[in-house]
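The model shown is predicted, which means the values in this text are computed figures rather than measured ones. In what follows, chains carry the letters A, B, and so on, assigned in the order in which the sequence lines appear, proteins first and then strands, with residues in each chain numbered from 1.
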Protein chains: 2
Amino acid sequence: MADDSERLALSPEIVVETALHMTQDQGLDSVTMRALAKALDVTPMALYYHVANKDELVVLMVEKVVADRTELVLDERGWQSALRTHMMELWENLRQYPGLALFMFGLPTLGASTSSYESATKFFQDAGFPPRVAHLAWSFAWTYLHGRLSVESHLDRAASRKSGTGAIRARDHVTFGIEAVILALEQILQDPTLVP
Amino acid sequence: MADDSERLALSPEIVVETALHMTQDQGLDSVTMRALAKALDVTPMALYYHVANKDELVVLMVEKVVADRTELVLDERGWQSALRTHMMELWENLRQYPGLALFMFGLPTLGASTSSYESATKFFQDAGFPPRVAHLAWSFAWTYLHGRLSVESHLDRAASRKSGTGAIRARDHVTFGIEAVILALEQILQDPTLVP
DNA sequence: ACCTGAACACCGTTCAAGT
DNA sequence: ACCTGAACACCGTTCAAGT
């Protein structure tokens, strides 16, 4: 409780949380093992006792962020509404961690991410999409979001921080994109042969 | 013409071309100033006489790649068909340079990229989209492609190279995505109020 | 069990110097 | 005009050693 108690006992959780805070403030690029160690007031090599290496650290960061996420579930609102709010929440959540979205893709060997991928394809099947189309549909929606987050994190880095105008524009783009995704999927649900 | 004439006079063009070849083979991550210098049989510092720094090198690489690109123009086939082939060509072109797509986004201060952005929005206006919607429509289409390329380059890096199955899957995803983009835009063209 | 110090093999880049 | 060598400030990481 004293002032100098800032130097808490290190743990994987604290390492990951500090890394996420740094990402929120300065982007993932600012999270070097050395800078992270300095933020924790410790030697760089101390981190390796708690995480295997930087790749594992990033994986833990991703899992921590997706763990806090709401799942995509079909309710009485209909799939369009559920998908809309889910994509919007996902975007608002992930854009707080610039650069991290690059390490979140659908299929790969990310335990948590894979399970959420499966629950998403189940969502689309419940909504009436054939299994194969359900898979491609979620891939399409998520790939768009991924692209949007990637574009934004690159623009953030390059562009000057001109107050909130960038944020407004970003919101315009992403709301357009989400509605477009839904419109496309509505068509495909009506006639799955529209698509290969 | 002799055997040892491989060591040509250095020039910005040769530097950029060699960097692009390295990207085709090993991805953009493999293009370090030091590795590029070694490929050109020269000291790392020699490169700085021809390009200002690595950022400029990447910009030159991007410009070189987009320069070889066909433009998006409206012809008698109709906008859907033109957009489909253009997106497909773009994807097939850019996927040859893993990692480079991350540095190609719509709006920023990339001379060539900006002009192609404007020609694309003109394309959509010619097709009947209101100006603001034309802009958002191309942003949507390009953002999806960008996301697709980003996902693929990350998967390539992580996943094991299991023959051609990955390529077939990628093609399924991207053809689905392109058709979905077109379906969405068809809806929006009919009724632009569907979207904010 | 937990952390440090020194070291290695990498980066991009600057600066003075060579021809 | 074109290139080199040495150096600087960074990376991630290994390995032996300390408590």
(Q) Please report the distance, rounded to the nearest Å, between CD in A/Glu56 and C1' in D/dG12. (A) 15 Å
Q | Closest-nucleotide 5' rank along DNA chain C - winner of A/Ala46 and B/Asp55 | A | A/Ala46
**Q.** d(CG, B/Leu47; C1', C/dG12) in whole Å
**A.** 11 Å
Q.
In this structure, how many angstroms lie between the C1' atom of D/dC10 and the NZ atom of A/Lys38, rounded?
A. 11 Å
Q.
Check this for me: does any side-chain nitrogen of one of B/Arg148 and B/Glu152 sit under 4.0 Å from a carboxylate oxygen of the other?
A. yes
Q. Taking atom C1' of C/dT13 as reference, at what distance in whole Å does atom CG of B/Asn53 sit?
A. 9 Å
(Q) Quick check on the hydrophobic clustering: are B/Leu60 and B/Ile14 connected, directly or via other members, by side-chain heavy-atom contacts under 4.5 Å? (A) yes
Q: Give the stems involving DNA chain D, where a stem is 3 or more consecutive Watson-Crick or G-U wobble pairs (i with j, i+1 with j-1, and so on) under 3.5 Å.
A: C:4-8 with D:12-16, C:12-16 with D:4-8
Q. How about B/Thr143 and A/His173: does a side-chain donor come under 3.5 Å of a side-chain acceptor?
A. no
Q. Just how far, in rounded Å, is C1' of C/dC3 from CG of A/Asp41?
A. 13 Å
Q) Counting just side-chain N and O atoms, does A/Tyr49 come under 4.0 Å of either OP1 or OP2 of C/dC3? A) no
Q.
Can you tell me if A/His50 touches the phosphate of C/dC3, counting only side-chain N or O atoms and a distance under 4.0 Å to OP1 or OP2?
A. yes
Q: Could you label the plane-to-plane angle of the B/Trp138 and B/His86 rings as parallel, tilted or perpendicular, counting under 30° as parallel and over 60° as perpendicular?
A: tilted
Q | First encountered from the 5' end of DNA chain D, between A/Ser30 and A/Met45 | A | A/Ser30
Q) Of all the nucleotides listed (D/dC11, C/dC3, C/dA1), which has the minimum atom distance to the side chain of A/Arg34? A) D/dC11
Q | side-chain N/O B/Tyr48 vs C/dT13 OP1/OP2, d < 4.0 Å | A | yes
Q. To the nearest angstrom, how far is B/Lys54 atom NZ from C/dT14 atom P?
A. 15 Å
Q | Reported NZ-to-OH distance for the pair B/Lys54 and B/Tyr48, which is rounded to 0.5 angstrom | A | 8.5 Å
(Q) In whole Å, I'd like the distance from the CG atom of B/Asp29 to the P atom of C/dC10. (A) 16 Å
Q) In whole angstroms, how far is the P atom of C/dT4 from the CE atom of A/Met33? A) 13 Å
Q) Does some side-chain heavy atom of B/Pro131 sit less than 4.5 Å from a side-chain heavy atom of B/Thr121? A) no
Q: Please determine, for the side chain of A/Pro44, which listed nucleotide (D/dC3, D/dT13, C/dT4) has the closest atom?
A: D/dT13
(Q) Can you tell me if A/Thr32 touches the phosphate of D/dC11, counting only side-chain N or O atoms and a distance under 4.0 Å to OP1 or OP2? (A) yes
Q) So how far is it from A/Ile182 CD1 to B/Gln187 CD, rounded to the nearest 0.5 Å? A) 13.0 Å
